[in-house]
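Input: a single structure, listed below in structure tokens.
Below, chain A is the first sequence line, B the second, and so on; all start at residue 1.
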There are 2 protein chains.
Amino acid sequence: MAQSIYTAEALKAELNSKGCRMTPQREKILKAFQELPEGEHLSAEDLYHKLQAQNENISLSTIYRTVKMMARMGILRELELAEDHKHYELNQPRPHHHHHLICVKTNKVIEFKNDQVLSISQKVAEKYGFQVLDCELRIVGISPEGQRSIF
Amino acid sequence: MAQSIYTAEALKAELNSKGCRMTPQREKILKAFQELPEGEHLSAEDLYHKLQAQNENISLSTIYRTVKMMARMGILRELELAEDHKHYELNQPRPHHHHHLICVKTNKVIEFKNDQVLSISQKVAEKYGFQVLDCELRIVGISPEGQRSIF
DNA sequence: CTGTGTGCAAAGAATTTGCACCAAA
DNA sequence: TTTGGTGCAAATTCTTTGCACACAG
């Protein structure tokens, strides 16, 4: 099952099985996400700077290529929050998925968890023969602060 | 309640109450979405071409400005499907919200409905004092076809 | 009239791509 | 040695913005 591959060795094996290669860059990117506290997520740019701060010079192009690849492998989950760029985080095994409550006016984002959502997703995916990599309930609305503003 | 404003008159009233104005462009954009079959959605570009085809020349800028505004008013829902641009559709009253099952490999999108998701959303939003405009369960995974492809 | 909305063209931001060189397997 | 990966810079794509003119209230 793809979503529990977290060691560098396992990543290498997974890559090789697809005719792809392990590289220092890929290993460091994986490590960066593993070191991230639960609930945090990075944009490509964030990751780039985080690595720079650790004296790891990996180009932005490689980062974009790698995170997209890892998302397709089910290692990372790709989040679309209110901003206009994607964020990534490790795709946790089933019980840790979390969801988002987003304000259209203030762009405020609240995270929450919910087990029912997970089982619903599982059931729906099964019906269509899909293998679930990720599920996310996005509730879009207006926060208390937003309700006060005219526009 | 914002989400049931569908007539041009109601839109006008809603706009005026906020110091905004009704325009032919806004009316035509609303109409375009109303004519859309249930379950279909348009990108800004799609909408632009659809209007062109009806000999309605509305600029892309106006379209972008208008759909974003209508989404913030709760008239349209903004969808982030697998592609890298947003799609819009009329925001149906509660029981019609639908959700998406998306394949990361083939970009195939399947729509489905689920009442439980709706009540979960309502409950969560209430807890944080949010007014719900829209909710969407996004299940990301690999379709049967995708499972066959190497990458 | 007053100020909001529109169209145009230009600017921006995020992401992707072509290509020469580098390095896993 | 072969083929996939990386870095760089340029190109794309989607979206936003400044400004002059048009028009709704």
Side-chain angles (χ1 to χ4, degrees), chain A residues 8-30 32 41-49 51-52 55-73 76 78-88 104 107 150-151, chain B residues 8-30 32 41-49 51-52 55-73 76 78-88 104 107 150-151:
Chain A
E9 288 69 33
L11 173 59
K12 180 176 192 309
E14 176 79 1
L15 287 167
N16 290 350
S17 80
K18 291 190 158 60
C20 300
R21 295 170 184 175
M22 183 52 136
T23 65
Q25 288 89 337
R26 289 174 182 174
E27 186 167 347
K28 280 163 195 152
I29 289 172
L30 176 63
H41 27 67
L42 303 173
S43 65
E45 200 86 28
D46 293 337
L47 178 54
Y48 179 67
H49 290 120
L51 290 165
Q52 293 259 307
N55 284 307
E56 306 289 4
N57 279 68
I58 299 180
S59 75
L60 250 185
S61 323
T62 296
I63 289 179
Y64 273 109
R65 282 187 282 235
T66 305
V67 293
K68 175 165 273 191
M69 174 192 221
M70 289 184 173
R72 306 229 291 184
M73 292 171 73
L76 298 180
E78 192 176 84
L79 304 171
E80 322 250 14
L81 305 180
E83 306 102 85
D84 53 0
H85 54 270
K86 292 171 184 153
H87 280 231
Y88 296 86
V104 269
N107 274 0
I150 318 152
F151 201 77
Chain B
E9 287 69 32
L11 174 59
K12 179 174 191 311
E14 175 78 2
L15 286 167
N16 291 351
S17 79
K18 291 189 157 59
C20 299
R21 294 168 184 175
M22 183 52 137
T23 65
Q25 289 88 338
R26 288 173 182 174
E27 185 165 348
K28 279 164 195 152
I29 289 172
L30 176 64
H41 26 69
L42 303 173
S43 65
E45 200 87 27
D46 293 340
L47 178 54
Y48 179 68
H49 291 121
L51 289 166
Q52 292 261 307
N55 283 308
E56 305 290 4
N57 279 67
I58 300 181
S59 74
L60 249 186
S61 325
T62 294
I63 288 179
Y64 273 109
R65 282 187 281 237
T66 306
V67 293
K68 175 166 273 192
M69 173 193 222
M70 289 184 172
R72 307 228 291 184
M73 292 172 72
L76 298 181
E78 193 176 83
L79 304 171
E80 321 252 13
L81 304 179
E83 306 103 87
D84 54 358
H85 55 270
K86 292 171 183 153
H87 280 231
Y88 296 85
V104 268
N107 275 0
I150 319 154
F151 203 77

Exercise. Rounded to whole angstrom units, what separation is found between the CE atom of B:Met22 and the C1' atom of D:dG25?
Worked result: 14 Å

Problem set entry | Value in whole Å for how far the C1' atom of C:dC22 lies from CZ of A:Arg65 | 13 Å

Exercise. When only distance counts, do a donor and an acceptor, one from the side chain of A:Ser43 and one from the base of C:dA14, lie under 3.5 Å apart?
Worked result: no

Exercise. Does A:Tyr64 make a side-chain N or O approach to OP1 or OP2 of C:dT15 shorter than 4.0 Å?
Worked result: yes

Exercise. Does B:Lys12 put a side-chain nitrogen or oxygen below 4.0 Å from OP1 or OP2 of D:dG25?
Worked result: yes

Exercise. Can you check whether B:Thr23 has a side-chain N or O nearer than 4.0 Å to OP1 or OP2 of C:dT6?
Worked result: yes

Exercise. OP1 or OP2 of D:dG7 less than 4.0 angstrom from a side-chain nitrogen or oxygen of A:Gln25, does that happen here?
Worked result: yes

Problem set entry | N or O in side chain of A:Thr62 less than 4.0 angstrom from D:dG5 OP1/OP2 | no

For this session: Could you say whether B:Ser61 or A:Leu60 is positioned toward the 5' end of DNA chain C, judged by the nucleotide with the nearest heavy atom to each?
Result: B:Ser61

Seminar exercise, completed: B:Tyr48 atom OH is separated from C:dT6 atom P, nearest whole Å, by 15 Å

Exercise. So, is A:Asn57 close to the D:dG7 phosphate, meaning a side-chain N or O under 4.0 Å from OP1 or OP2?
Worked result: no

For this session: Verify the contact: side-chain N or O of A:Arg21 to OP1 or OP2 of D:dT6, cut-off strictly under 4.0 Å; return yes or no.
Result: no

Exercise. Side-chain donor or acceptor of B:Ser59 under 3.5 Å from a matching atom on the base of C:dC8?
Worked result: no

